[in-house]
Structures are given as C-alpha cells and as structure tokens.
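Heads up: the structure comes next, in structure tokens.
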Amino acid sequence: MKDYKIKIENVVASTQIGENIDLNKIAREIKDAEYKPKQFPGLVLRTKDPKAAALVFRSGKVVCTGSKSVEDARRAVKQVVNIIKSLGIEVYDDPDVRVQNIVASADLGVDLNLNAIAVGLGLENIEYEPEQFPGLVYRLRDPRVVVLIFGSGKMVITGGKKPEDAKRAVEKISEELQALGLM
Amino acid sequence: RLRKWQRRIRISNATERNLAFALSELDRMASALGLPKSVRETAAVIYRKAVEKNLIRGRSIEGVVAAALYAACRQAGVPRTLDEIATYSRVDRKEIGRTYRFIARELGLKLLPTSPADYVPRFCAALGLSGEVQKKAIEIIKKAEEKELTSGRGPTGVAAAAIYIASILTGERRTQREVAEVAGVTEVTIRNRYKELAEKLGIEIIL
DNA sequence: GCTTTAAAAAGTAAACT
DNA sequence: AGTTTACTTTGGAAAGC
C-alpha cells in the first residue's frame, strides 16, 4: 500500500475567549480589523504569522480559519487573544480551541475515469455533474468526510476533525479504486 | 366528523390546485424549450413521484418542475443544459441544480452524466450541418471518452469542439463563434477542447 | 436558507492587454 | 490570443435575520 502524502490546506477552529466583547472598540483601535455589523455580526481580525483570519463575536466566541496546521490555528488564536487583551478588554488566558474542520489535498498520481468510478462506487453513493463542477463528490461514513475526486487523480478531503481522518480517507479510496481495477 | 371531512376537501383542493399549477408550468416550459410530448410525460411522472414522497417540502413547485424537466430530458437522451432550463424558469440555475440532485437521489434516478454525443444532433441541426458531420463528431467523442479526455469537462464544451473539428474535416466548416453560440459555451472553451482532442487523438486540422 | 472566513482541486468565464 | 481575476463544489463554527 502506497503511502500517500496528505497536505493540510486549511484548518477551521472555534473557541471562546471571553464574554461581552466590545467589538466597536476593537474596530476603532485596530486599523486592519473589519467590522460591518449590518452585514455580518462578527469582526474580522487577520494574523500574518501564522497567516489566518479570525471572526470575533460579541459573545466572546471566535472562529479561526486559514491555518495550515492545528498548531498554527492555536497560535493564531493566542495572538488574537493578546491583541484584544492589549486593548484593555477582559479575556480568558487559555481558551479551549476546538478543531471543527480540516481541508486537505492529496494526489493518487494517476489519471482517473470519473464515469467508471461513478459506476464502480455506485451512483447512489456519489455525485458527479461535470456540467456544474469537474470533481466527483464522494461522501464517506467512516471516516466521516467528503472527498472531491478529479480526473487528474488529485483530490480534496474536507469535513474531518483530525489530520488522521484525511489520511484514512485517501487510503480507503485508493484501496476501493484498486479493488475495482480503476487505478 | 363533518369538520374532518371538510378539511380533507380543503387539502384535496389545495393538492389538486398545486398539481394543476405544476402541470401547466411544465407544459409552458416544455413548449418554450421545444420538447416532445414524451419528455413532458416523463417529467410529469417524475414530478408526481416527488409529490408522493413529499419532496416538495421546503422547495418551490417551480423549482421541482424545472428539475423534473431537466432530469426527463437527460433520461430521454435529449439533454438541455441547466442554463437553458433556467432561461424559461423563475428559479435560478443553482437552485434547479440542487433540486435535481435531491430528487434524483431520493427517487433513485440513476443517471450518469450526459454524454457530449447526446448534444450533437441538436447542435448540428441548429448549425445546418449534415448527418455526415454528426456521425464524424460522435465518432470523435467516442474516441475521446475511450482515451479519458472527457472526465470533468463540460459535455457541451466537448460536443462543441467535436462538431467544430468534424465540420472542418467534412468540408462543412463552421467558425468557432458559430459553434460556440449554439452550444452555449465560449470560443475559448472550444479552442481549449479542440486543441486537446486534436493533439491527443492525432487529428490534423488545416485551418 | 443567507450573510463572512480560508483553501485546494479543474473547468469555464469574463475582462484586459 | 494570452493573462489575470473570479466563480462553480465540499465542510464547519459563529449571531441574527
């Protein structure tokens, strides 16, 4: 069994850093903060290293996206906490950061016949509408992730909460395709 | 007891009213799209099944009608693109597309993606091309599918490129612009597809 | 359902040069 | 015609309409 390398492209995490956060104050004092309450209730804060974007809500809940690793997501959240704390706003010291979704990519290294794969995996288990999108959508129940499979053999794995989920999904799919003689 | 009976009549009236509206909407769209009676009937069957399974909940009647028509066209081998269907519907392409996926899954409609070949007769007719060109275009598409040059590509783009090449090979040349117009794709797409087909299928095109 | 964030895949599209 | 930018699909959280 080949050892496919999975690349984590994006990590989405959420946490709570305090309560009743004064978003207007943050918006006033941080020049690159975006806050359009009429359009969206969250304030957007971006960190450069690691590169990430955080959505801060009045409730103190925070959503962090764009990190390339779970550890980077945690580092980004700490930076956001420090920025807000420096404004004199009360915040928690050690927020419990929970990973909500991990987007990863992988490459099987061979071209694929998506029509054959659609039939092989079962039309009732997949979605493939090239008129609308070039990728075949395959939903796995274990691990619980969604995989986009392309004719180039490259794929996108999303919906998992652990890097391990993406790895298992790719292994499972390569095994299924090989068993079906489609690889 | 009487109340229960009256409620049933009321529900029955609403159901019949909705069905009548759906069928008239179906007829209106089918006429606008120039679809044969058999396709309308297939679409009506799909719509009725969707109603029986309560798939209309949370969706508009017009959206389900459009999706049923889209599915019926594909099943009959005379596909219309979502854009064409949407042109005659109040519902946008995106909504028709997701409604189609939903009812196709719930009703167990097992449809493979449309083959580019299914678009050839209609596009060639619109371009005034002969049966010889059609045959050549379909031949090119079959080879393209065998060599896996169609995975992930839009069926109309592949059909347009094949027709463009076939029209040149048979001396009934049409411009990329003319083919793009009837196929509903851009000239850039025809260019990309025909270059790939010509190169990988070893077809020489003298411009 | 929508709004906003981020990122990848590959095809198609539109706006410029 | 070539380049760039942008939209299609997938997943998840947040607060509110």
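Residue numbering restarts at 1 for every chain, and letters A, B, ... go by the order of the sequence lines. Atom set for the values below is all heavy atoms of this structure, side chains included, hydrogens, waters and symmetry mates excluded.
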* Asked: A:I157 and A:A169: which non-hydrogen atoms are nearest, and at how many Å?
  -> CG2-CB, 4.1 Å
* Test log, rule salt bridge (charged side-chain N to carboxylate O under 4.0 Å, His left out), inputs B:K135 and B:E132 -> CA-CA 5 Å; B:K135 187 173 181 179; B:E132 191 192 344; over 6 Å; no
* Is a donor on one side and an acceptor on the other found under 3.5 Å between the side chain of A:R139 and the backbone of A:E127? -> no
* Asked: When rounded to the nearest Å, what value does the distance between C1' atoms of C:dA9 and D:dG2 take?
  -> 23 Å
* Asked: How close or far is atom P of D:dT8 from atom CG of B:D83, stated in whole angstroms?
  -> 13 Å
* Asked: Taking C-beta and beyond as the side chain, do B:E199 and B:K195 meet within less than 4.5 Å on heavy atoms?
  -> no
* To do: Identify the two heavy atoms, one from A:V11 and one from A:K68, that lie closest to each other, and give their separation to 0.1 Å.
  => CG2-C, 4.4 Å
* To do: Can you sort out which residues in residues 26-39 of chain A have a heavy atom within less than 4.0 Å of DNA chain C? Ascending by number, please.
  => A:E34, A:Q39
* Asked: Atom CD1 of A:I8 to atom P of C:dA6: distance rounded to whole Å?
  -> 19 Å
Please produce a list of atom pairs where a protein N or O lies less than 3.5 Å from an N or O of nucleotides 3-6 of chain D.
none

* **Check: B:R174 side chain, B:L127 main-chain N or O, donor-acceptor pair, under 3.5 Å** => yes
* **Remaining members of the apolar cluster that contains A:Y35, side-chain heavy atoms under 4.5 Å** => A:I17, A:I21, A:L23, A:I26, A:I30, A:L43, A:L45, A:V56, A:V62, A:V77, A:V80, A:V81, A:I83, A:I84, A:L87, A:I89, A:V91, A:V97
* To do: Considering only NZ, NE, NH1 and NH2 on the basic side and carboxylate oxygens on the acidic side, decide whether A:E129 and B:R74 come within less than 4.0 Å.
  => yes
* Structure fact -> Heavy-atom contacts, protein to nucleotides 11-17 of chain C, under 4.0 Å, summarised as B (base), S (sugar-phosphate only) or - (none) per nt, yield SSSS---
* Asked: By a strict heavy-atom criterion of less than 4.0 Å, which residues belonging to residues 9-20 of chain A are in contact with DNA chain D?
  -> A:V12
* Asked: A:K68 side chain N/O closer than 4.0 Å to the phosphate oxygens (OP1, OP2) of C:dA6?
  -> no
* Under the 3.5 angstrom rule, does the side chain of B:T170 hit a backbone N or O of B:A166 as a donor-acceptor pair? -> yes
* To do: Figure out the CG/C1' separation between A:L55 and C:dA7, and round it to whole Å.
  => 15 Å
* To do: Take B:K94 and A:V44, find for each the nucleotide of DNA chain C with the closest heavy atom, and name the residue whose nucleotide sits nearer the 5' end.
  => B:K94
* D:dC7 and C:dT4: how far apart are their P atoms, nearest whole angstrom? -> 11 Å
* For D:dG2, does either OP1 or OP2 sit under 4.0 Å from a side-chain N or O belonging to B:R191? -> no
* Identify whether the distance between the nearest side-chain nitrogen and carboxylate oxygen of A:D93 and A:K85 falls below 4.0 Å. => yes
* Interface with DNA chain D, restricted to residues 147-181 of chain A and to heavy atoms under 4.0 Å -> A:L148, A:T158, A:G159
* Residues A:D142, A:R168; criterion salt bridge (charged side-chain N to carboxylate O under 4.0 Å, His left out); working and verdict -> CA-CA 9 Å; A:D142 182 39; A:R168 281 209 295 140; 3.2 Å; yes
* Pairwise P distance for C:dT3 and D:dT8, with rounding to whole Å -> 10 Å
* Residues from residues 112-128 of chain A lying under 4.0 Å of DNA chain D - heavy atoms -> none
* Could you state the CG-C1' distance from A:L45 to C:dT4, rounded to the nearest angstrom? -> 14 Å
* Quick one: A:F133 CZ to D:dG11 P, roughly how many Å, whole number? -> 12 Å
* Asked: Does the pair B:E139/B:K142 count as a salt bridge with the N-to-O cut at 4.0 Å?
  -> no
* Asked: For B:R40 and B:S31, what are the C-alpha separation, side-chain angles and deciding distance, and is it a side-chain contact (heavy atoms from CB on, under 4.5 Å)?
  -> CA-CA 9 Å; B:R40 300 181 202 192; B:S31 296; 3.7 Å; yes
* Looking at residues 91-110 of chain A, who's got a heavy atom less than 4.0 Å off DNA chain D? -> A:Q100, A:N101, A:V103
* A:E171 (side chain) donor-acceptor with A:Y4 (main chain) under 3.5 angstrom -> no
Using atom names, set out every protein N or O paired with an N or O of nucleotides 15-17 of chain D below 3.5 Å, distance rounded to 0.1 Å.
residue, atom, partner, partner atom, Å
D:dA15, OP1, A:S59, OG, 2.7
D:dG16, OP1, A:R58, NH2, 2.9

* Asked: Would a distance-only check, ignoring hydrogens and angles, find a side-chain to backbone donor-acceptor pair under 3.5 Å from A:N10 to A:G66?
  -> yes
* To do: Only counting residues at least two apart or in another chain, list the ones meeting side chain to side chain contact (heavy atoms under 4.5 Å, CB included) with B:T99.
  => B:R59, B:V64, B:A67, B:E95, B:I103
* For atom P, what is the distance between C:dA13 and D:dT9, given to the nearest Å? -> 15 Å
* Distance in angstrom units between B:R101 CZ and D:dT9 P, rounded -> 6 Å
* To do: Grab the two heavy atoms, one from B:A68 and one from B:Y47, that are nearest each other, plus how far apart they are.
  => CB-N, 4.2 Å
* With no hydrogens and no angle check, is any side-chain donor or acceptor of A:K61 less than 3.5 Å from a backbone partner on A:Q16? -> no
* Pairing of B:K136 and B:E172 as salt bridge, 4.0 angstrom limit -> no
* Asked: Taking atom types as modelled, is there a side-chain donor on B:S115 or B:E145 under 3.5 Å from an acceptor on the other?
  -> yes
* Go through the steps to decide whether B:Q75 and B:T42 satisfy the test side-chain contact (heavy atoms from CB on, under 4.5 Å), and finish with yes or no. => CA-CA 9 Å; B:Q75 261 193 312; B:T42 299; 3.7 Å; yes
* Modelled atom types, side-chain donor and acceptor of A:E176 and A:Y138, under 3.5 Å -> yes
* **Contact list for residues 54-112 of chain A, test ring pair (Phe, Tyr, Trp, His ring centres under 6.0 Å), sequence neighbours left out** => A:F40-A:F57
* Lys/Arg N to Asp/Glu carboxylate O, A:R144 vs A:D165, below 4.0 Å -> no
* Asked: Quick one: is C:dG1 close enough that its OP1 or OP2 comes under 4.0 Å of any side-chain N or O from B:R59?
  -> no
* Report the C-alpha separation of A:V137 and A:L148 in whole Å, then their side-chain angles, then the decisive distance to 0.1 Å, and conclude whether the side-chain contact (heavy atoms from CB on, under 4.5 Å) test is met. => CA-CA 5 Å; A:V137 183; A:L148 305 182; 3.9 Å; yes
* Asked: Is a salt bridge present between B:R193 and B:E196, judged by a nitrogen-to-oxygen distance below 4.0 Å?
  -> yes
* Asked: In whole angstrom, what separates A:E129's CD from D:dT10's P?
  -> 11 Å
* For C:dA6, which nucleotide is its Watson-Crick or G-U wobble mate, given both distances must be under 3.5 Å? -> none
* **B:E84 and B:R122: CA distance, side-chain angles, deciding distance, salt bridge (charged side-chain N to carboxylate O under 4.0 Å, His left out) verdict** => CA-CA 13 Å; B:E84 292 176 299; B:R122 183 158 64 95; 2.8 Å; yes
* Structure fact -> Sorted by number, residues from residues 102-109 of chain B placing a heavy atom under 4.0 Å from DNA chain C are none
